[in-house]
2 protein chains.
Amino acid sequence: MCAVTTARNHGKDLRRYLVPGTQRGRTTDAVTDALREAILDGFLTPTTWLREDEIAGAFEVSRTPVREAMRRLADEGLVIKTVHHGTTVAPLSLEDVLALYVVRENLEGLAARLAAVRCPSGLVERLDEIGSRMKAAAAEADTPRLSRLNLEWHRALRDATGNSYLGRFLGQVEHAVRRLPASTLGHPGRAEEVLSEHDAVVRAIERRDGAGAEQVAKAHMRRAREIRLAVMLGE
Amino acid sequence: MCAVTTARNHGKDLRRYLVPGTQRGRTTDAVTDALREAILDGFLTPTTWLREDEIAGAFEVSRTPVREAMRRLADEGLVIKTVHHGTTVAPLSLEDVLALYVVRENLEGLAARLAAVRCPSGLVERLDEIGSRMKAAAAEADTPRLSRLNLEWHRALRDATGNSYLGRFLGQVEHAVRRLPASTLGHPGRAEEVLSEHDAVVRAIERRDGAGAEQVAKAHMRRAREIRLAVMLGE
DNA sequence: GTATCCAATATTGAATGCAATCTGAATGCG
DNA sequence: CGCATTCAGATTGCATTCAATATTGGATAC
C-alpha cells in the first residue's frame, strides 16, 4: 500500500461541505468552496488523490465545475496538478509554515498600522465586542468557537485597512494557516495571551498610534509562530 | 454608444499573445497567459467586455479553456465576472495604485531583508550583472529593455528569499504593477535613480545587513510610488 | 530471475450541445 | 405620453461526448 490515499471511500461525505443555499448558476463556486473547506478542515489530507470523476459524483454535478474548482485551488496552492495525471492535495511542510508566518507577521503588522491610521468609526467597538465574546469562549474553554471568533477579529481588522490588495493577501494567508493541523488556541494559557495581545492592538488603534499598532501586531504574530511550532513539534 | 468597448474588432490580433511553444494538454494555461499578457500589455483595456466565444474564436480553441482562464483571471483580480452576464477587464483606479504601492513597499522590504540574511551564493553577482545591463540600456535610453531588466532584477531578488508565499504575493503585485499605463523608467532622470537605489540594496545584501537592505528597498518603493503618481497625474 | 517492451485501461484535456437567464426593445395599458 | 410587461435574441452555466496520454500489468527476450 502506498502513501497516497484516495477519496474513493469518502464518498458522499464530501457533500456536507456544500453550503445549502446555493442558487443556480453558482455550482462552480459552491464546489470550489466546498473542496477548499474540506481541505482546510483536514478532511482531505495532503497527498490525497482527487479524481475529478469521483468528486463530481460525490457532489452530484458534472466534471466541468469540478475541473474549474481544481484549477482555482491549484492557483491558491492548496492542490497540485500534473497534466494528464491528476490532482493531489498539496503537502505543507514545517518550512512552509515558517515561511508563512514570516510573511504573515509583516502583513498583519501593516494591516494594524493602516487600521490605526484610518480608524474608521465603529472599528474599535467592533474589535472590542469580538474580544469580549472571545473572552467568554475562552472562559468556557470552547476552542472551536474561540477559533472562529479569532478569525472574525482578524478579518475585521483587515477590512478596516481599506486596502484591497492587503485584504486579498491576508485572505490567502488565512487559508494557508487554517490548513495547519490544530488550533494554537487550545494550547495551555494561549487563549488569555491572545486576548491581551489583541487588546494591545486595539488600544494602539484607539489612540491612532500606527507605529505602536504595527509593533504589537507583529509581536502577536511572532508569538503565534512560536506556539505553532511548539504545537507542531509536540509541545 | 456606451463606455463599454468589445473585443469584437480586435479579432485575431489576440493571437500574437499566444506563446508559440505550447504543447498539447496545456491549452488552458496558454490561453490564461495570453489573456493576462494582453491585459497587462494594455491591449485589452479596462471595461472591455470579454465574450467567451469571441476569445475562443480568436485563439481558435473551444470555450472551455477560455472559461477556465476567465475564472482564474477573476481570482487574480484582473477581470470581473458577473453571473450569466459576462466578464470585463477590471478597472484600476488611482486609489488602487496607492494601495498597491503601500503593500509592495512592505513586501519588497521584506524580500530584501530575507535575501540579505540568506544571501545565497551568486546572488550579489547576478544582481550586479543585471544592474550593469540596465546601465547599458539606460545609456541607450532603451526604456522597454530597461523595464524588462528591472522586472528580472526584482524577480531575482524575490527568488533569493526562498519564501514561496512571499514569492507568490510579489508575483501578484508584479502583475498589478504591469497593468499601469506607462513605465516610470521613462521619466527624466528616473533610470539613473533606480540604478543607484538598486545598488544600495545590493551593497546592503553584500554586507549581510538585513535591516539596511529592508530600509533602502522600502525607500526605493516609496520613490517609485512618487514617480508613478507624478506620471499618472501628468507630471 | 530480471529487465524491457507493448497493449489495455484509467484518467484527464478539450469540444460540443443544451438549458438557464440576462438584456433590451417592442408593445399594450393607464 | 410615460411606464410596466412580455418576448426575442444574445450570452453564459453546466452536462455530455470525444480525444489524448500516463500508468500499469503482463508477456517476452536475455
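Quick caveat: nothing in here was measured; it's all calculated off a predicted structure. Per chain, numbering begins at 1; letters A, B, ... match sequence-line order.
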To the nearest angstrom, how far is [X] atom [atom1] from [N] atom [atom2]?
X	N	atom1	atom2	answer
B/H84	C/dT21	NE2	P	5 Å
B/R26	C/dA14	CZ	C1'	14 Å
B/E52	D/dT12	CD	P	5 Å
A/D53	C/dA10	CG	C1'	10 Å
B/R51	C/dC22	CZ	P	18 Å

A side-chain contact here means heavy atoms from C-beta on lying under 4.5 Å apart; do B/M221 and B/R225 qualify?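 SC-SC contact between B/M221 and B/R225 ruled out.
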DNA chain C: B/V83 or A/G86, which has the more 5' nearest nucleotide?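 Checking each residue's closest nucleotide, the 5'-ward one belongs to A/G86.
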Residues in side-chain hydrogen bond (donor to acceptor under 3.5 Å, both in side chains) contact with [X], at least two apart in sequence or another chain:
X	answer
A/E52	A/R63, A/R67
A/D53	none
A/D128	A/R203
B/D33	B/R36

Give me the bend of the helix from C/dG1-D/dC30 to C/dG30-D/dC1, using the axes of the five pairs at each end, rounded to 10°.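 Nearest ten degrees gives 10° for this helix.
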Listed partners of A/E226 passing salt bridge (charged side-chain N to carboxylate O under 4.0 Å, His left out), at least two apart: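 By the salt bridge (charged side-chain N to carboxylate O under 4.0 Å, His left out) rule, A/E226 matches A/R223.
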Partners meeting salt bridge (charged side-chain N to carboxylate O under 4.0 Å, His left out) with A/R72 (sequence neighbours left out):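 For A/R72, the residues satisfying salt bridge (charged side-chain N to carboxylate O under 4.0 Å, His left out) (neighbours in sequence not counted) are A/D29, B/D75.
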Considering only heavy atoms, which members of residues 63-73 of chain B lie under 4.0 Å from some atom of DNA chain C?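 When residues 63-73 of chain B is checked for heavy atoms under 4.0 Å from DNA chain C, the hits, listed by number, are B/R63, B/T64, B/P65.
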Contact class for A/T28 (heavy atom, under 4.0 Å): base, sugar-phosphate, or nothing?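 It contacts sugar-phosphate atoms only.
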Name the orientation class of the two ring planes belonging to A/W153 and A/H198 (parallel below 30°, tilted from 30 to 60°, perpendicular beyond 60°).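 The rings of A/W153 and A/H198 lie parallel, inter-plane angle below 30°.
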Within less than 4.0 Å of OP1 or OP2 of C/dG13, is there a side-chain N or O belonging to A/K81?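 Looking at the OP1 and OP2 atoms of C/dG13, one of them is under 4.0 Å from a side-chain N or O of A/K81.
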Report yes if at least one side-chain N or O of A/T27 is closer than 4.0 Å to OP1 or OP2 of D/dC14; otherwise report no.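 So the side-chain polar atoms of A/T27 do come within 4.0 Å of the phosphate oxygens OP1 or OP2 of D/dC14, strictly under.
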Kindly point out which of D/dT12, C/dG13, C/dT11 is positioned nearest to the side chain of B/W49?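 Selected nucleotide (nearest to the side chain): D/dT12.
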ring-ring contact (aromatic ring centres under 6.0 Å, His included) contacts in which one or both residues fall within residues 159-186 of chain A, not counting sequence neighbours: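 Only A/F169-B/F169 qualify under ring-ring contact (aromatic ring centres under 6.0 Å, His included).
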